[in-house]
Amino acid sequence: MKIATWNVNSLKVRLPHLLEWLAAHQIDVVCLQETKLVDENFPVEALAAAGYDSAFAGQKTYNGVALLTRRAATLGAAEVVTALPGLDDPQKRLIAANIGGLRIVCAYFPNGQSVGSDKYDYKMRWIEALIAWLRDELARHPQVVLAGDFNIAPEERDVHDPKAWEGQVLFSERERQAFRDLLALGLVDSFRLFDQPERSYTWWDYRMMAFRRKMGLRIDHVLLSAALAPRCTACTIDIEPRRREQPSDHAPVIVTLDP
DNA sequence: ATGGCATGACAATCATGA
C-alpha cells in the first residue's frame, strides 16, 4: 500500500501535473494540501476518470485539503472529519478518514508568517489542538498516519542553511519542540526510518533558483504510529514534479506499507 | 533593509505563502 502527501499549491493549476503523476505511480491514498478551491469546484470527475474517489474540505482562495483513494484498491473512506475539535477555525486545514484499516489524517499546518506574529500564535494553537485531538484518535485507532505539510523543518539536516534559518519561522525552537511533541504521542517520522540522500528537501522557494541550487527545507512529512511503523518499507521524496514547468513549490512524499 | 516568484481575487494592486 502506498500513501503520498503533496502540497499542490492550487489544484486548479496543478491538476494536469497531478493526473500525470497518478498515472505514473500506483498510489493508493493521496493527501493533498493547498487545493485553494471551494468544494463546488473540486475536480471530482477528472479524478474519478483517473480512478480516484475524492473527499475534500475547501474554501475560497486559501488552504483546502483532500484525500484521494484509488478505487481499484477498494479501500473505502469512512468516518470523515474535516475540522479539529476544540478549535473554532474557519480555515480548512484538516481532513481525516478511515481508509483500508488505517486512520489517515491529512493536515496543512499554518505557515506562521514570522516568529511572534499573530499567525505564529495561531500556528502554535492549531498544533496544540491537533495534538489534543490526535491523543484521542490514537487511543481509538492504533494505526494512524499523519501526513501533510507541517510547515516545520524538525532538524538541522532538514534545512539547507541551518545558521541562516536559526530562529526563523519554520525552524524556530518552539516549532521544532511542537514537532517533537507530536512524536512524543507515539509517532515516528517515516522518512528517518531509512538511509536518505544528503540535502533531502520537500520545499524550495520559487525565487533565486532555489531548487536548482538545492536550497530547500524538509517540511512535508508522513508520521506513523508505533503500531504501524514496522510495516513501513520505504519513504521517498519524488522531486520529479518539481523539475517541471509551472511546478508546485512542494514535492510529494511517498510511503510504502507492507500488507 | 527589501524583494525575489507564484496564486487568487480583481481589475491595479494586494494578501499570503515559506
Side-chain angles (χ1 to χ4, degrees), chain A residues 5-18 21 31-43 56-66 89-94 106-127 130 147-179 191 199-221 237 239 241-253:
Chain A
T5 180
W6 194 3
N7 179 325
V8 289
N9 185 18
S10 170
L11 184 52
K12 182 183 169 190
V13 174
R14 228 66 62 195
L15 184 61
H17 288 46
L18 175 63
W21 188 76
C31 303
L32 299 177
Q33 302 87 37
E34 284 209 85
T35 55
K36 298 186 175 179
L37 291 169
V38 293
D39 290 348
E40 304 87 84
N41 294 339
F42 197 91
F56 42 85
Q59 66 183 89
K60 193 176 170 184
T61 312
Y62 302 118
N63 310 311
V65 286
D89 186 7
Q91 301 190 29
K92 301 298 186 185
R93 297 182 171 278
L94 184 123
C106 168
Y108 175 46
F109 288 45
N111 166 279
Q113 197 169 57
S114 60
V115 175
S117 66
D118 288 350
K119 292 194 173 90
Y120 186 83
D121 293 339
Y122 163 65
K123 180 177 193 172
M124 302 314 297
R125 280 188 289 111
W126 191 92
I127 297 172
L130 175 69
D149 176 359
F150 287 52
N151 272 318
I152 300 173
E155 298 179 36
E156 291 200 349
R157 58 182 166 168
D158 301 314
V159 179
H160 69 91
D161 186 350
K163 286 279 181 291
W165 279 88
E166 193 177 327
Q168 300 297 310
V169 73
L170 311 184
F171 192 54
S172 72
E173 187 44 51
R174 276 186 72 197
E175 292 165 89
R176 294 167 67 189
Q177 181 58 52
F179 188 89
F191 191 72
R199 297 204 239 173
S200 286
Y201 308 125
T202 64
W203 172 84
W204 304 261
D205 201 306
Y206 282 122
R207 299 163 291 189
M208 304 182 298
M209 296 185 290
F211 179 69
R212 214 192 301 182
R213 297 160 68 189
K214 300 186 192 300
M215 296 169 62
L217 305 176
R218 192 176 70 94
I219 55 177
D220 300 83
H221 308 291
I237 300 165
I239 63 169
R242 188 63 175 80
R243 297 187 200 282
R244 299 188 47 153
E245 287 293 311
Q246 206 178 7
S248 167
D249 43 357
H250 294 253
V253 181

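Order of the sequence lines fixes the chain letters, A, B, ..., with proteins taken first and strands second; residue numbering starts at 1 for each chain.
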Roughly, in whole Å, what's the span from [atom1] in [X] to [atom2] in [N]?
{"X": "A/Lys123", "N": "B/dG17", "atom1": "NZ", "atom2": "P", "answer": "10 Å"}
{"X": "A/Leu11", "N": "B/dG8", "atom1": "CG", "atom2": "P", "answer": "10 Å"}
{"X": "A/Phe109", "N": "B/dA18", "atom1": "CZ", "atom2": "P", "answer": "13 Å"}
{"X": "A/Gln59", "N": "B/dG17", "atom1": "CD", "atom2": "P", "answer": "11 Å"}
{"X": "A/Gln33", "N": "B/dT7", "atom1": "CD", "atom2": "P", "answer": "17 Å"}
{"X": "A/Arg242", "N": "B/dA18", "atom1": "CZ", "atom2": "P", "answer": "13 Å"}
{"X": "A/Lys12", "N": "B/dA9", "atom1": "NZ", "atom2": "C1'", "answer": "11 Å"}
{"X": "A/Asp220", "N": "B/dA18", "atom1": "CG", "atom2": "P", "answer": "9 Å"}

Who are the side chain to side chain contact (heavy atoms under 4.5 Å, CB included) partners of [X], not counting sequence neighbours?
{"X": "A/Asp39", "answer": "A/Phe56"}
{"X": "A/Asn111", "answer": "A/Gln113, A/Asn151, A/Leu170"}
{"X": "A/Met215", "answer": "A/His160, A/Ala210, A/Arg213"}
{"X": "A/Gln246", "answer": "A/Val13, A/Arg14"}

Residue met sooner reading DNA chain B from 5', once A/Gln91 and A/Lys60 are mapped to nucleotides:
A/Lys60
Want to settle it: does A/Gln246 or A/Gly112 sit nearer the 5' end of DNA chain B, counting the closest nucleotide to each?
A/Gln246
Taking only N/O atoms, report every protein-nucleotides 1-5 of chain B pair under 3.5 Å with atom names and distance.
unit_1, atom_1, unit_2, atom_2, d
B/dG4, N7, A/Arg207, NH1, 2.3

Using a 4.0 Å heavy-atom cut-off, does [X] contact any base of the nucleic acid, only the sugar-phosphate backbone, or nothing at all?
{"X": "A/Asn63", "result": "nothing"}
{"X": "A/Val169", "result": "nothing"}
{"X": "A/Gln168", "result": "nothing"}
{"X": "A/Phe211", "result": "nothing"}

What protein N or O atoms touch nucleotides 14-16 of chain B N or O atoms at under 3.5 angstrom, if any, and at what distances?
unit_1, atom_1, unit_2, atom_2, d
B/dT16, OP2, A/Lys119, NZ, 3.4

So do [Y] and [X] actually touch side chain to side chain, heavy atoms under 4.5 Å?
{"X": "A/Pro247", "Y": "A/Phe211", "value": "no"}
{"X": "A/Glu155", "Y": "A/Pro162", "value": "no"}
{"X": "A/Pro90", "Y": "A/Gln59", "value": "no"}
{"X": "A/Trp203", "Y": "A/Asp149", "value": "no"}
{"X": "A/Phe150", "Y": "A/Ile219", "value": "no"}

Roughly how many Å apart are B/dT13 and B/dA1, using the C1' atom of each and rounding to a whole number?
22 Å
Nearest-Å distance once atom P is located in both B/dT2 and B/dA6
23 Å
Any [X] side-chain N or O less than 4.0 Å from OP1/OP2 of [N]:
{"X": "A/Ser10", "N": "B/dG8", "answer": "yes"}
{"X": "A/Asn151", "N": "B/dA18", "answer": "yes"}
{"X": "A/Tyr108", "N": "B/dA18", "answer": "yes"}

Minimum-distance nucleotide to A/Asn9 side chain [options: B/dT7, B/dG17, B/dG8]:
B/dT7
Looking at B/dA9, B/dG17, B/dG8, which one has an atom nearest to any side-chain atom of A/Arg93?
B/dG17
Between CD of A/Glu175 and CE of A/Met124, what distance do you get to the nearest 0.5 Å?
6.5 Å
If you apply the rule side chain to side chain donor-acceptor pair (under 3.5 Å), what do you find for A/Tyr108 with A/Glu34, and how did you get there?
CA-CA 7 Å; A/Tyr108 175 46; A/Glu34 284 209 85; 3.3 Å; yes
